[in-house]
There are 2 protein chains.
Amino acid sequence: MLNEFDIFKDFLHQQKLRWTPQRKMILDVFLSFDGHVQIESLHEKMQAQDPSLGIATLYRTLKLLVDCGLVEAHSFQNGRKTYERTFHVRHHDHLICTRCETTIEFEHPLIEKYQLEICEQYGFSLKSHKMELLGICRNCRK
Amino acid sequence: MLNEFDIFKDFLHQQKLRWTPQRKMILDVFLSFDGHVQIESLHEKMQAQDPSLGIATLYRTLKLLVDCGLVEAHSFQNGRKTYERTFHVRHHDHLICTRCETTIEFEHPLIEKYQLEICEQYGFSLKSHKMELLGICRNCRK
DNA sequence: TTTTATAATGATAACGATTATCAATATAAA
DNA sequence: TTTATATTGATAATCGTTATCATTATAAAA
Ligand SMILES: [Mn+2]
Ligand SMILES: [Mn+2]
Ligand SMILES: [Zn+2]
Ligand SMILES: [Zn+2]
């Protein structure tokens, strides 16, 4: 049973790239978080474990993880990206509260189906999609 | 019958802001474009009409136009924003070709309906949404 | 029509997240 | 081992957008 580390290793090998202690540690740290993570949090935790690790390597590795399909990058609100694991995680879209920045995850099979229909209609080959519903969450409405 | 200029003027007045020749010209130039416009195009056309007009004012005015609801700002691909008029233009979402950056506009009433249902379910007050389908367009697939 | 309070302007410096650069080092295949 | 080349960390650069600030323009009030 393949886990994320094996998948990443295979990907690197296929691309003639190399498996390094830095990449291992970054994947390790990334997986220790749940949900949406920001570079800043990853960097802090990394620094705690090994202060010699540079932030450029963190950015580079995250990009590789996205390329190999283990991670999804979101550009929600404030210009900062967030990262989310996708391996053994169901696809979903997001409700985003513009007041407290909380996100709620949801999925709707019919919306996904209609998206495909629309693409067919225009001869479009769908690779991915982004759907964000922006508003005020239950808590913030009180 | 109100047009964009009247609406903008009213908005400014409500907010105790001022109607200036620069704001008039920027709205004028903006409306002379169809579809999605980038700052760069607006700036070029502005410079042609009046080279003394500064780019800071362009950014500031676009932001006001978004605030008053006449314009929608998109952050599609490369970090650059595009602007689109919304007055007397039906709401729609976008198919975006990641190869040639062409966009196709579409609307799907049921998708919109399900979005509302999801929000109700989570006690969420929906303000706006963003839905982008990314892939390869018919032309680029050939 | 002045006066007056304050909003707007243009030039340009600053911002800030991400990328590029580069010399030193590490990896892995031969 | 050797060797080709990928990777690293430090840091400079990028670039669209904002903030700053002194000067000027607007519009309501007098
Ligand atoms: Mn999520
Ligand atoms: Mn559009
Ligand atoms: Zn909230
Ligand atoms: Zn295309």
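Chain letters run A, B, ... following the sequence lines, proteins first and then strands; every chain starts at 1.
For residues 18-38 of chain B, the ring pair (Phe, Tyr, Trp, His ring centres under 6.0 Å) pairs, not counting sequence neighbours, are B:His36-B:His74, B:His36-B:Phe76, B:His36-B:His94. Within the structure, every pair that satisfies the ring pair (Phe, Tyr, Trp, His ring centres under 6.0 Å) test and touches residues 109-142 of chain A, not counting sequence neighbours, is listed here: A:His91-A:His129, A:Tyr114-B:His108. Under the side-chain hydrogen bond (donor to acceptor under 3.5 Å, both in side chains) criterion, the residue pairs touching residues 130-140 of chain A are A:Asn139-A:Lys142, with sequence neighbours excluded. Screening residues 27-37 of chain B for salt bridge (charged side-chain N to carboxylate O under 4.0 Å, His left out) gives B:Lys24-B:Asp28 as the qualifying pairs, with residues at least two apart or on separate chains. Applying the salt bridge (charged side-chain N to carboxylate O under 4.0 Å, His left out) definition to pairs two or more places apart or across chains, none involves residues 91-105 of chain B.
Not a single ring pair (Phe, Tyr, Trp, His ring centres under 6.0 Å) links B:His43 to another residue, sequence neighbours left out. Take A:Glu107 and apply the salt bridge (charged side-chain N to carboxylate O under 4.0 Å, His left out) test, not counting sequence neighbours, and it matches A:Arg90. In this structure B:Glu4 satisfies the salt bridge (charged side-chain N to carboxylate O under 4.0 Å, His left out) test together with B:Arg85, sequence neighbours excluded.
Comparing the helix axis at one end of the helix from C:dT1-D:dA30 to C:dA30-D:dT1 with that at the other, each defined from 5 consecutive pairs, gives an inter-axis angle of 30° (nearest 10°).
Within the model, atoms CG of A:Asn3 and CD1 of A:Ile7 stand 7.0 Å from one another, a figure rounded to the nearest 0.5 Å.
Sorted by residue number, the list of members of residues 29-43 of chain A with any non-hydrogen atom under 4.0 Å from DNA chain C is empty. Near DNA chain D, meaning a heavy atom under 4.0 Å from it, residues 56-73 of chain B has B:Ala56, B:Tyr59, B:Arg60, B:Lys63 in order of number.
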Report the C-alpha distance between A:Ser32 and A:Lys45 in whole Å, list the side-chain angles of each, state the deciding distance to 0.1 Å, and finish with yes or no for side chain to side chain donor-acceptor pair (under 3.5 Å).
CA-CA 10 Å; A:Ser32 76; A:Lys45 197 154 182 176; 2.9 Å; yes
Step by step, work out the side-chain contact (heavy atoms from CB on, under 4.5 Å) result for B:Leu62 and B:Ile39.
CA-CA 9 Å; B:Leu62 251 348; B:Ile39 284 279; 3.5 Å; yes
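Taking a 6.0 Å sphere around CD of A:Glu117, one finds it holds more than 12 heavy atoms contributed by other residues, nucleotides or ligands.
In this structure, A:Arg80 places its CZ atom 13 Å from C1' of C:dC15, rounding to the nearest Å. Rounded to whole Å, atom P of C:dA7 lies 12 Å from atom CD of B:Gln15. One interatomic measurement links the two molecules: CE of B:Met46 to C1' of C:dA11, which rounds to 14 Å at whole-angstrom precision. Between the NZ atom of B:Lys16 and the P atom of D:dA28 there is a distance of 10 Å, rounded to whole Å.
Across all strands shown, A:Leu53 has heavy atoms under 4.0 Å from sugar-phosphate atoms exclusively, and none from any base.
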Output one letter per nucleotide in nucleotides 24-30 of chain C: B when a protein non-hydrogen atom lies under 4.0 Å from the base, S when only the sugar-phosphate is that close, - when neither is.
--BBSS-
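Applying the 4.0 Å criterion to OP1 and OP2 of C:dT9, one finds that B:Arg23 has a side-chain N or O inside that range.
At distances below 3.5 Å, not a single donor-acceptor pair connects side-chain atoms of B:Ser41 with backbone N or O atoms of B:Val37.
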